[in-house]
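Here the structure comes first, spelled out in C-alpha cells, and everything after it is commentary.
Hydrogens, waters and symmetry mates are skipped; everything else that's a heavy atom, side chains included, is used. A, B, ... follow the sequence lines: proteins, then strands. Residue 1 opens every chain.
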Amino acid sequence: MFLAAVTYMVAFIAFAWDVAAHSRTTQRLESQHVQKKAPARKAQLVGAGVGSTAKSGTRSANKNEGRLVSNEQGTGARGLGFNKSAAEMLEGEVADSSMMWGSGTQKRTAARIAVAVMILGAVIHLAGVLSRAFAAGRVPWGNMYEFCTTGALVVSVVFLISLIFRDLRFVGVLVSGLALTMMTAATIGFPTPVGHLKPALQSYWLVIHVSIAVLASGIFTITFAMAVLQLIQTRRERDIISGKGSKLNFMRLVPSSQALENFAFRLNAVGFVMWTFTLAAGAIWAEKAWGRYWGWDTKEVWTFVIWVVYAAYLHARATRGWAGPRSAWLSIAGYLCIVFNFTIVNVFFSGLHSYSGL
Amino acid sequence: MAKKETTATALGPMGMLRWAWTQLTKMNTALFLLLMLAVAAVPGSIFPQRIQDPTKVSDYIETHPTWGPIADKIQLFDVFSSVWFAAIYILLFISLIGCVIPRANQHYKALRKKPAKTPKNFDRLPVHRTLTIPSSAGVEDLSSEQAITDATAVLKKRHYRVDVQSIDGVYSVSAERGYIREIGNIIFHVAMIGVLIGVAVGSLFGYRGQKILVEGDTFVNSLISFDSFTPGTNYNPDWLDPYTVTLNKFDVEYDRQQGSHTYGDDLDYTADLSFQETDGTTDQATLKVNDPVNVNGTNLYLSGNGYAPIIKVENSDGSVAYEGPVVGLTSDGKYTSSIVLKVPDAKNGQLGFVGMFLPTGERDATTNIPRSIDSEALNPMLVLQSYTGDLGLDSGRPQNVYVLDTNTLKPLNTMATGNGIVLDAANNTVDLPEGHGKVTFEGYKRYVGLDVHYDPGKKIVLWSFIVAFCGLIISLFVPRRRVWVRAQSAGSDLLVEYGLLARGEDPRLADEADKLTDIFAARWGLEFSEADDA
C-alpha cells in the first residue's frame, strides 16, 4: 500500500515536472517563433513559387549507355480554383504550396530548434502521461485532467508526425500555443490525483471511443490553426493583388490560402471519418452501458452537432459559393464546438457523461 | 400586381411543386439544412429534456412561471421529438433523396458508358506531361500505335477503364478509374436513410421498462409488474414475453486501496440473476454494468442499485403490521438512502415513516447527527421519524410511494422534538409513543434497478451505419481520376502526351502522373537525367 502511495507520488511529481518542462518548452517555442519572424522580414524568400511550376523542370535528354533517351515536360498540381495571374502576383509573397521539405531555401534555425525542443517536450510529456497510466493501471483518460494532458500530447504528437511528411512548421505557433493552453487548463483548472474508474467507465470501449475522439480532436486542432491562417492569408492575398500590399510579413512563411484550404480539407476528411467512428463507438458503448444507443444526452447532442458541422464543411467544398473563406469559417465553427463540448459541457452541463471528476 | 398574379397562376400547382423540389434538392439548401440541424440540436443540451429527466423539466417550469410554459409550448423540453426538429431532418432527408436519386441514375449511365473522349488540348488539364522520345535513340519499333497499346495495358493494370480511339490517324486512349468513389458516396447517403428507418422502427415497435428488484425477489416481464413502462408508439404491451427474473445476490466491490483518491468508491457491481422462460426452461446469468443480459431478444441492464433496510412494524398487541425490505433512494456518494414507509394496516391509526438508511452510520462529533461515512454497509443505521393519521391511500388517488405528505399527519417521533428513532444492529428496536406498537430494524438487503429494453430497430441502425461508414471511407479516400494518353510522331521524335483530371478531391494527381512517367520509362527503357531548371 505504501509502495502504491509512493508510486502515486512519483507519478504526481513526474507530472508536475512534465507540465513545468512542457510549459517552458512551449513558452520558449513561442518566443523563438517571434524571433524568427524578424529575419523573415529582411530576407526575400527565394525560389518559393506557387504550385503551378512545381513540376515543370525539364528533364532534358541525354544518352546513357545506349538506352533510349527522352524528355518530359508538364505541369504539376494546381488546387481547385487556381488562378494563374493571381498566382504570379503572389509569387514570392507566400510559401510554397506543396508544403514539401526543402522547397524554401531559407534556413530557419529558430524553427529547427523549436521543433527539436517540441520533440523533447513531447517525449517528456509522453513519459508523464505513461507514468500516470501505469500509476492508475489503466488508460490515462478517466477524468478532465487526464483528457487535457493526453489531449495536449496527442495534439503535439499529431503535429510532429505530420511534420515528417510536410513542412507545417508555420502552424507551430498556434499548435504549441493550444497545447500550452490545454496543459495550463489541466494543471490549474482540473487537477485530479490518480484514482480508480467508476464501474460505468470500465469497458474496453473507453479505450476505443476516447482514444479516437482525442485523436480526431488533435487533427481538428491542426486544421483549425490552418483555417485561421487561411483566412488571414486570403485577406493578405487580396490586399497584395489589389496592389495595397500587406503589413503581415510573417505570413510569408505560410503557403497560399488555396494550398492551405486543400491540405486542411484532406486532414478534415480524415478527422471526420474518425469523428464518425467516435460517434458510432460511443453509441455502441451507450447501448451496452445505458441500454440505448442514442438518448440525446448533452454530450451526445454536442458530438452530433460537431459531426453535422464538419459534414457541412465537407459539403461546402462541393457547393458553389461556399468554398474558400466560408468553409474555413465552418471548420473554425466546428472546432469551437469541440472546445465547447470539451470544456463547458463537461464542467457546467449535467448529463450521463459527467465523469470528469470535478 | 395583376401581372404577378398571372405568372403565379401560369406556374400552376405542379410548377410550384417542381420549383420547390428544385430548390429543396439544391446543394445550398442541403447545406443550409445541415447547419440548421446543428443549431436546432443546441437547445436540447441547454434546456432539460423530458426524455432524460421529466422531474427536472417540471422543476424548470415551476421556477420560471412565465417563460417555462412558453418554452414548453415551443417544445424546448422535447427538442428531439419536436415539430420543428422533425421538420428540419425530414426536409434534409427529402433533399438527400432528391440529390441521391439523380446522382445514382447519372452514375449508372456513366458506368455503362465508355470513358470520355480524348480532348484536343492537354494544356487545359490540371496535370499533363509530354514525353519526347527521340528516334536518335535507335529504337524504331515503338510506333505511336504500339505506344498506345502499351499505355492501355499499363492503365488497365492500374484499374482504369480504357477506351482506345483513333481520331484522324492519331492514336489515343482515354481512361477513368475510381467509379466506386461515387458509389461509396451514394451508399453512404442511402445508408443514412437506413439509420433513420432503424431509429423509427425502434421508437415504433420497441419498449423500455424499469423495475426495482430487491435481493431474493422475482419479477415477471409483464405490464403490471414494471415500476415504469414506456412502450413504443406502436407497441402493444400484450406482446410482452412473460419470463421471470430473480435477483439472487448483488455484490459490490469497493476501492480499499489506502491513499487512493477514490477510496471507498464503488469499483464493480455484480448481479446474480436466474431466469425462467415461458416454456419452463431456466437459466442463470451474471449482470454487470456495460454487460447487459439478453433474454429472448430483450436486453436487461443494470441501471442502479441501493439499500433496502428490512423494517418490521408491530402493533401493540404483537401482531405484525408490516415486515419487509423498504427500498431506499440513494441520495449521495456514501449511499445515504432516503426511506419512506407507509403502514396503512397499523391497528391504532395508520402509520407513516420518513427517514434515512446509513450504510456506515456515525454520529457527528459536534452535532451528534448521524451520517453515513462509507458506502459499504459496515455499520448499518436507520434513522426514522414517525407520523400517524390518514395516509390518504383510500382516496383512490395514485400516490408516489417514495413521498409521504406529512402536512396532514400528526408527528410521533421527530428529530426536531428530539425523540427521533435511531436504530442500529446493537440497538435494533424501539417502542412508538402513544401505544402505536414498535419498530424493529431487522437488517438490510441490496436492490438493483433493472432496465428492460427491447429495440427491434437496433440491428438496422448498426448495419446501416457500418455500410455508411464503409461508403464514407470509399467516397473520401478513393480517388476518381481520368487519364488520356495520346501518341503521335513529331518529325523524327515520338511525342507521348498524357493528361490527368481529378473528379472531386484528389491530392495525389501529380503523383499519379509521376508514377505513369516512371512506368512508361521502365517499359520503353527511357532514361532521364535531371537537368537544371533553366
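- Residue B:Phe477 touches chain A through its side chain alone, counting heavy-atom pairs closer than 4.5 Å.
- Nearest heavy atom pair, residue A:Ala312 against residue B:Leu31, reads O-CD1, 3.1 Å.
- Counting heavy atoms from C-beta outward, B:Val39 and A:Val305 have side chains that stay 4.5 Å or more apart.
- Only the side chain of A:Leu330 comes within less than 4.5 Å of a heavy atom of chain B; its backbone N, CA, C and O stay farther away.
- In this structure, the side chains of B:Gln49 and A:Asp297 stay at 4.5 Å or more apart for every pair of heavy atoms.
- Between A:Trp296 and B:Phe85, the two ring planes are perpendicular [angle over 60°; tilted spans 30° to 60°].
- One N or O on the side chain of B:Tyr301 and one on the backbone of A:Glu287 form a donor-acceptor pair closer than 3.5 Å.
- By the 6.0 Å contact criterion, CH2 on A:Trp294 is enclosed, its count of non-hydrogen atoms from other residues, nucleotides or ligands being greater than 12.
- Ranked by heavy-atom pairs shorter than 4.5 Å toward chain A, the options B:Leu472, B:Val496, B:Leu500, B:Ile473 are led by B:Leu472.
- Residues B:Ser45 and A:Thr298 share a closest heavy-atom pair of O-CG2, 3.4 Å.
- Only the side chain of A:Phe265 comes within contact range of chain B, judged by heavy atoms closer than 4.5 Å.
- Other residues, nucleotides and ligands contribute at most 12 non-hydrogen atoms within 6.0 Å of the OH atom of B:Tyr454.
- Proximity to chain A (any heavy atom under 4.5 Å) is shown, for B:Val199, by both the backbone and the side chain.
- One distance of note links NZ of B:Lys288 with NZ of A:Lys288; it measures 13.5 Å at 0.5 Å rounding.
- Contacts between B:Asp455 and chain A at a heavy-atom distance below 4.5 Å involve the side chain alone, from C-beta outward.
- The heavy-atom pair separating B:Leu34 from A:Ala311 by the smallest distance is CD1-C, 4.1 Å.
- Under a cut-off of 6.0 angstrom, the local environment of CZ in B:Phe469 is crowded, with over 12 non-hydrogen atoms contributed by other residues, nucleotides or ligands.
- Only the side chain of B:Phe188 comes within contact range of chain A, with at least one heavy atom under 4.5 Å from a heavy atom of that chain.
- For B:Leu462, the part lying near chain A is the side chain, with the backbone staying farther off; criterion is any non-hydrogen pair under 4.5 Å.
- Legend: side-chain hydrogen bond (donor to acceptor under 3.5 Å, both in side chains) pairs involving residues 306-315 of chain A, not counting sequence neighbours, sorted by first then second residue: A:Asn268-A:Tyr313, A:Thr276-A:Trp307.
- Shortest non-hydrogen contact noted between A:Val301 and B:Ala41 is CG1-O, 3.2 Å.
- Put simply, the side chain of B:Leu476 reaches to within 4.5 Å of the side chain of A:Val273, judged on heavy atoms.
- Note: B:Val461 leads B:Leu33, B:Asp291, B:Val461, B:Asp451 in heavy-atom pairs under 4.5 Å with chain A.
- Heavy atoms of B:Lys458 lying under 4.5 Å from chain A belong to its backbone as well as its side chain.
- Of the residues considered (B:Ile51, B:Val452, B:Leu300), B:Ile51 shows the highest number of contacts with chain A, using heavy-atom pairs under 4.5 Å.
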